[in-house]
Every structure is written in C-alpha cells, then in structure tokens.
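Computed from heavy atoms alone, side chains included, the values below leave out hydrogens, waters and symmetry copies. Numbers restart at 1 for each chain; the letters A, B, ... are given by sequence-line order, proteins then strands.
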Protein chains: 2
Amino acid sequence: MPKSKRLMELMMTVNRKRRFKVQELADEFGVSKRTILRDLQELSELGVPLYSEVGPHGGYQVVRERVLPPIAFTEGEAVAMFFAVHALRHYSSLPFEAESASALSKFYLHMPGDVRDRIDSMKDRVDFVAPTRWSDAPCLAELLDAAIKQSVLVIQYESQERGAESRRIQPVCIYANNGFWYCTAYCFNRQDYRVFRCDRIREAAYDTSGTVPMQLKDVRLSRRDASQPRDPIRLRAVLSKTGVQRCESELWLAPLLQVREDGSGVIDKDVSRDDMTFYAEFMIGLGDEVALEEPYELKEAIRTRLAALLARYEGYAAQ
Amino acid sequence: MPKSKRLMELMMTVNRKRRFKVQELADEFGVSKRTILRDLQELSELGVPLYSEVGPHGGYQVVRERVLPPIAFTEGEAVAMFFAVHALRHYSSLPFEAESASALSKFYLHMPGDVRDRIDSMKDRVDFVAPTRWSDAPCLAELLDAAIKQSVLVIQYESQERGAESRRIQPVCIYANNGFWYCTAYCFNRQDYRVFRCDRIREAAYDTSGTVPMQLKDVRLSRRDASQPRDPIRLRAVLSKTGVQRCESELWLAPLLQVREDGSGVIDKDVSRDDMTFYAEFMIGLGDEVALEEPYELKEAIRTRLAALLARYEGYAAQ
DNA sequence: ATAATGGTGACAGACTTTGTCATCAACTCG
DNA sequence: CGAGTTGATGACAAAGTCTGTCACCATTAT
C-alpha cells in the first residue's frame, strides 16, 4: 500500500478507535512498529491531536476533538460557508461560536488572495438584520445537549411572576425568535410541556435524582405550536393588504391567517377567551388595516383598552 | 522536496495561475517536465478539474471551480457549519444555496456514523424562526454581485405607487429584515440613494449604456441608517422594563434607546415632525409600558388617533 | 525488579520517484 | 504542406525515500 493511502486509513482508524497501541496498528496495517511510529508523527504534524503515555496501560489517544480526513472544497463552497456564518453574526450566545470561527479561519488561511478579497468585500455588502441586544442565554449549550440526548436537567428559572425557582425539565427543542432563545421542555414539576425563555434560565445541571426521562422521541419542533385553546371563542377579522403584510411577520399568527389572491386576508380561528386582552392590544396595533367581525367580547375589550389609554394621555395633558 | 509537499504547492500554484504550461511549472519547481506531468495526473485523480489542450497556445487549464487544498476539519467545526447552514433554512432565495448544500454533503460523507447521528438528532431540536412567506427575490444573486463589483444595473422595479418602471441603480448593500430582502442603491434616475424591495425587482441586467459608476467605496451598510430628520422635534419618553424589551426588537428604534441598569430605559432623540402619525401608532402599541414626556404634538396625535379608533369600534358596536 | 509501552538513531535493503530519452499525437500558423 | 509547439506515454537507470531491524533509552504500573 502506498504511504499516502496508508496515512489516510490510519487517520480514519485512529479517529474510530480513540485509544490504541502502536503494536496493534502495526499488526493491522501489516507494517512494522517503527513505521507506525513515524506515521503517527506525521499525522501529528498534519494536525491530528495525538497524545501518548508510556508504560503499561499506556498507549496513544486522540485528544480533544476528532479530526475528519482532509476534504477538498471548492471556492464557491468556502464562500457559501462564510456567508452562512456571517449571516448569524448578530446572534449572540450562539452554540458552536468558537468552532465556527476556527472553521472559518481554516478556510480563510487556505484561500488564494483574490477570494479573500471577494469575501472581504461581500462582508460589508450583505447582511441579515436581527433584533439587537439579545440577552445572554448562558445555559444554551447545556439545553441543546440535553435536548439531543433527551436527558433531564435541573434548572434555576427566574419567572416573571414568581421569581427564581428550581425546576426539573426535559428539553425538547431550542429555538430563536425575535431576539430571544426559547426552550420547549417537559416540566416534571408542572407535569406538562412548557416554554422557557433561555435567558431566564440562570443555571442548568444534569439531574442526579434519577428521574426517568420521558419517551419524547416523536415530540420535536412541532411542540412549540400552540396547544388547543381552553374555553375557545371564534375570532373573525378581515385584513387589508397592508394588514396581511404586518401579520405575516408575527409568527404565532401565521397559521391562523388565510391570504386571498389580491393580497388581503382573513383571520378565522378559535382562540382562548383568556387572551382577549392580548388580542385587543394587537388589533389596536393594526389600526385601520383590520376590520373585526367577531367576537363581541373582543370589541368590548378593545373599547375598554382604548378608553383607558385615552384617559392615560388625557391625564398627561393635564400635567 | 518530498513529493507530498510538492503536490500541495502544485495545487495552490495551478489554482492561482488558472492557465499554465508544463515547462513553466517544471522550471518553477525545479523538476523535470515528466515529473510535473505525473503530478498533474495525480492532482486530476484527487479531484482537481484539469483540462489540457495540445498544440501551440495550448496548455493546461483549471476548469470550472477552483479547488482549495484539502483541509482537515474537526468534528466540532463540521457540526458548527451544519448548524449555521441549518439556521438559514427558512430563508428562501438565498444566494449560495447550491454551494452550501454541496459543502454540507462533503462534510456529511466524510463523517463517521456517530457524528451523523448527532447532527441528525440536532436538526430537529434546534431552530431559528424566521417570518414565513418570504417572497421570491429572483434577482438577488445579480444584485449582490453588482454590489460587490460596484457596477450599474438596469432594473425593472414595480413600485407600489407607480407600477412597473425601469431604473438605473448601483447597489450598495443587500440586507434581509423581517421577511424581506432590501437593496440600498444609488438611483441614477432619482440622483439619490433609495431602498428597493428585492422581490419587487422583476429583472436586473448589467447596464450597457456606459453609465459611470459612482465612487461608493466608503458607502456601505451604514447607508441603510436613517438620514437626518428634517424639521426635527425632540422626543422624550420613559420606558418600563417590559417596554424596553419590546422596543429592542424594533430595529429602527435601537439606536435611539438608552437602557438603565435596572432594565428600564429612556428614549431621547430628535425625530422628524412628519413622522408623528407613525410614532403615535407605536406609542399606542406600547400601552402602559411607556410614559411620554414630550413633545406635546405627539400626545395630541396619540389622542386624535385613539379617538379615531374608538369611534371606529363604537361604530362596529352599532352595526 | 520486571514487563509494558513509547521514543530515537543508524543503516541496509526495498521500494518509489525522478530524469532522460524516444516516440507519438494533436494542433497552429505561415 | 511542413515546421514548430505542446501534451501524452513508455522504458529504464539513477536518485531518493521509505521501511524493517536492531540496539538502546525513558517512563511507569505492578
């Protein structure tokens, strides 16, 4: 076998084994220990992070991260990776931040100068706008890890109403929306699914009390969909074209919205009676772009709200 | 020089040169033509797309895409790249879509099975929510290209007011915000900077009439910032903690906002008098979370607006 | 102490790569 | 056409690199 091929296979083998002895590999590849030692040194120089200990029960280890065999990317592919990572630059507390940066610098180092220029000039010409000031979500990595492994966490959650409290949860999925990270999880304290704002999770540790994880294999991202409303009431409203455009950027509304051919639209959906205050605020925000048809309760709530606001601003005027 | 090293350098050299003759490389590397020929054949087998023509003025060419020398990525880096591209999945009409996909499949192919599983399970556990229904922006690639090269385009633009019209523009930057792609550009018809919605640009072609591009080297993303208000008026308002959080997700507001230590905040900024109606709507949306201090004109505008809305909903009640 | 294990240097022999040369093929240009 | 340019391929000896063997050292667990 030519040396170059042997080196490749050796790289794959050591990545698979993680721990091994020189004699082992020598037998496997049908070469002498000396050769394997020389090869391992070369791999080391090529960037595979090897660590060795002498003595009985010693041997080689691949330390830290495993390395993929070298891959030849085209320039276009490298630029695309840059673009993707660049697009996420406004999001703070991202998982894999360090890894992205190191991957990008590897691409950057191996690039001929003209492609670097191309990328540098692209940097300032294209952008994804994200809401500013994302709050820190210190436990994001733990939450994601727990969601992947489907294990139970004990978290310190600072809810708006009750202040800090401890909860046992099993994360289902993590998602970012409009400036915040959220985590849908099964809450063992409430015995139901709940959505947590990740920046309010101050600490997260793996549960050691032996709570048995739920079988949530099929429960995935869909879990963030709203649950069925209790005490439903029918909401019907007609939206102008502008109204539709505004509603489309509201994630929670999108599934309730039917768009007509001419761009105008209709909301027709059962909603929870408890949410009247919320919908009243929202309808007020839409102003003349919405014509509410029912329920009467919502109209009433809107009028009450408007009157309260008017009083508030009348009050100011008197100051 | 060992062969392996020479092959690496050869790969970089041919990528830089794009066109070359065997004799040239032989001199450059101090080896014989025969050796270079053998090396080029090996590079070819390694995936570098080489093409050769015999005869005078013939020679070698690197065909299609240039290839970077093989890079060894760690697993973590590969996962990070997956994450980044995955996060953008909801955005339609992205540039570099094909390249991202092919880069990802290269990573995927070279990965040991357990990492694939890790990625597969991550896919369904983490998400970036983007507003739905992005309109198609068919000319995005052209716009980006023109922005990078700073060249002039002739576009067919369908404005809301005047219907379709032809414009000569020089794109400055492209950005995505809240479900739409925008392009800031210098418009030669209006002789000023304008922002175009990319989905309303039906066609784009390079200008052939010889319009001289502007010197826009220093004009970059900042161009999307609001210009100075004409007829300014001072706006001062105090925001509660909740109010601050809501404002932070409004991009245009972020620069006007000062956050205090306890999470509450202040808006204090000169704004344009023409925008009173807009600010009135916005303040109403903030409800009790904002205490407006000045200007008087805005309070008046809010009261007017509230009264109008109230009338609208009183009207409904009478239906 | 003993045995297991990695690390290094030297060197001859095995193996690979290289240079040279010869020959061919495709093509351009005058 | 014919002369010149350029790539493609095969053969083979010379040059160079890689490999196995061996001797020896260092470290460490038992």
Side-chain angles (χ1 to χ4, degrees), chain A residues 1-67 69-70 72, chain B residues 1-67 69-70 72:
Chain A
M1 191 191 302
K3 187 190 169 193
S4 53
K5 222 168 193 172
R6 194 183 58 230
L7 279 176
M8 288 295 162
E9 296 202 16
L10 197 60
M11 184 181 279
M12 307 229 244
T13 305
V14 302
N15 272 329
R16 200 180 59 243
K17 284 181 134 75
R18 308 298 297 267
R19 293 191 64 119
F20 52 88
K21 303 205 197 318
V22 175
Q23 187 63 60
E24 221 175 290
L25 295 183
D27 295 346
E28 201 164 315
F29 283 86
V31 296
S32 68
K33 281 172 56 176
R34 188 69 183 87
T35 303
I36 292 291
L37 276 167
R38 282 191 273 240
D39 287 353
L40 288 174
Q41 187 162 351
E42 281 204 51
L43 283 194
S44 221
E45 280 160 19
L46 280 172
V48 182
L50 293 172
Y51 169 75
S52 65
E53 272 178 357
V54 294
H57 314 302
Y60 267 90
Q61 289 180 53
V62 184
V63 88
R64 291 198 323 272
E65 292 243 63
R66 293 191 284 172
V67 178
Chain B
M1 191 192 302
K3 187 189 168 194
S4 53
K5 223 168 192 172
R6 194 184 57 233
L7 279 178
M8 287 295 162
E9 296 201 15
L10 197 60
M11 186 180 280
M12 307 223 247
T13 306
V14 302
N15 273 328
R16 200 182 58 244
K17 284 178 132 74
R18 307 298 296 265
R19 294 190 65 118
F20 53 89
K21 305 208 195 314
V22 175
Q23 186 63 59
E24 223 175 288
L25 295 183
D27 295 345
E28 200 164 315
F29 283 86
V31 296
S32 69
K33 280 173 56 178
R34 187 70 183 86
T35 303
I36 292 291
L37 275 168
R38 282 191 275 240
D39 287 352
L40 288 175
Q41 186 163 352
E42 280 202 53
L43 283 194
S44 219
E45 280 159 20
L46 280 172
V48 181
L50 293 172
Y51 169 74
S52 65
E53 271 178 359
V54 295
H57 315 301
Y60 267 90
Q61 289 181 53
V62 184
V63 87
R64 288 198 323 270
E65 291 244 64
R66 292 192 285 172
V67 178

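The shortest non-hydrogen separation linking V62(A) to V14(A) is CG2-O, 3.4 Å. Contact between P69(A) and M11(A) at its shortest, heavy atoms only, is CA-SD, 3.6 Å.
Within the nucleic acid shown, K33(A) has no heavy atom closer than 4.0 Å to any nucleic acid atom.
Residues L25(A) and V31(A) have side chains not in contact (no heavy-atom distance under 4.5 Å, counting atoms from C-beta outward). Within the 4.5 Å cutoff, the side chain of E42(B) has no heavy atoms near those of the R38(B) side chain. For the pair T13(B)/F29(B), a side-chain contact is recorded, criterion being any heavy-atom separation below 4.5 Å from C-beta on.
Residue P56(B) places its side chain closer to dG4(D) than to any other of dG20(D), dG4(D), dT5(C).
In this entry the distance linking CD1 of I36(B) with P of dT20(C) reads 13 Å, nearest Å. Atom CG of D39(B) and atom C1' of dA8(D) are 15 Å apart (whole Å). One interatomic measurement links the two molecules: CG of D27(A) to C1' of dT5(C), which rounds to 14 Å at whole-angstrom precision. One interatomic measurement links the two molecules: CZ of R6(B) to C1' of dG16(D), which rounds to 11 Å at whole-angstrom precision. Residue E53(B) contributes atom CD, which lies 14 Å from atom C1' of dA25(C) at whole-angstrom precision. Note: CD (E24(B)) to C1' (dG7(D)) measures 14 Å, nearest angstrom. In this structure, L50(B) places its CG atom 13 Å from C1' of dG7(D), rounding to the nearest Å. In this structure, the CZ atom of F29(A) is 18 Å from the P atom of dC18(D), given to the nearest Å.
Side chain of D39(B) to backbone of L7(B): no donor-acceptor contact under 3.5 angstrom is found. Although no hydrogens or angles enter the test, the distance criterion places a donor-acceptor pair under 3.5 Å between the side chain of K21(B) and the main chain of G58(B).
Listed pair H57(A) / dA3(C) fails the phosphate criterion, with no side-chain N or O lying under 4.0 Å from OP1 or OP2. In terms of phosphate contacts, T35(A) brings no side-chain nitrogen or oxygen within less than 4.0 Å of OP1 or OP2 of dT19(D).
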Between protein and nucleic acid, restricted to nucleotides 7-14 of chain C and to nitrogen or oxygen atoms under 3.5 Å apart, what atom pairs and distances do you find?
{"unit_1": "dG7(C)", "atom_1": "OP1", "unit_2": "S52(A)", "atom_2": "OG", "d": "2.6"}
{"unit_1": "dG7(C)", "atom_1": "OP2", "unit_2": "Y60(A)", "atom_2": "OH", "d": "2.4"}
{"unit_1": "dG9(C)", "atom_1": "N7", "unit_2": "R34(A)", "atom_2": "NH2", "d": "3.3"}
{"unit_1": "dG9(C)", "atom_1": "O6", "unit_2": "R34(A)", "atom_2": "NE", "d": "3.0"}

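Toward the 5' end of DNA chain C, the nearer of the two residues K21(A) and K3(B), judged by each one's closest nucleotide, is K21(A).
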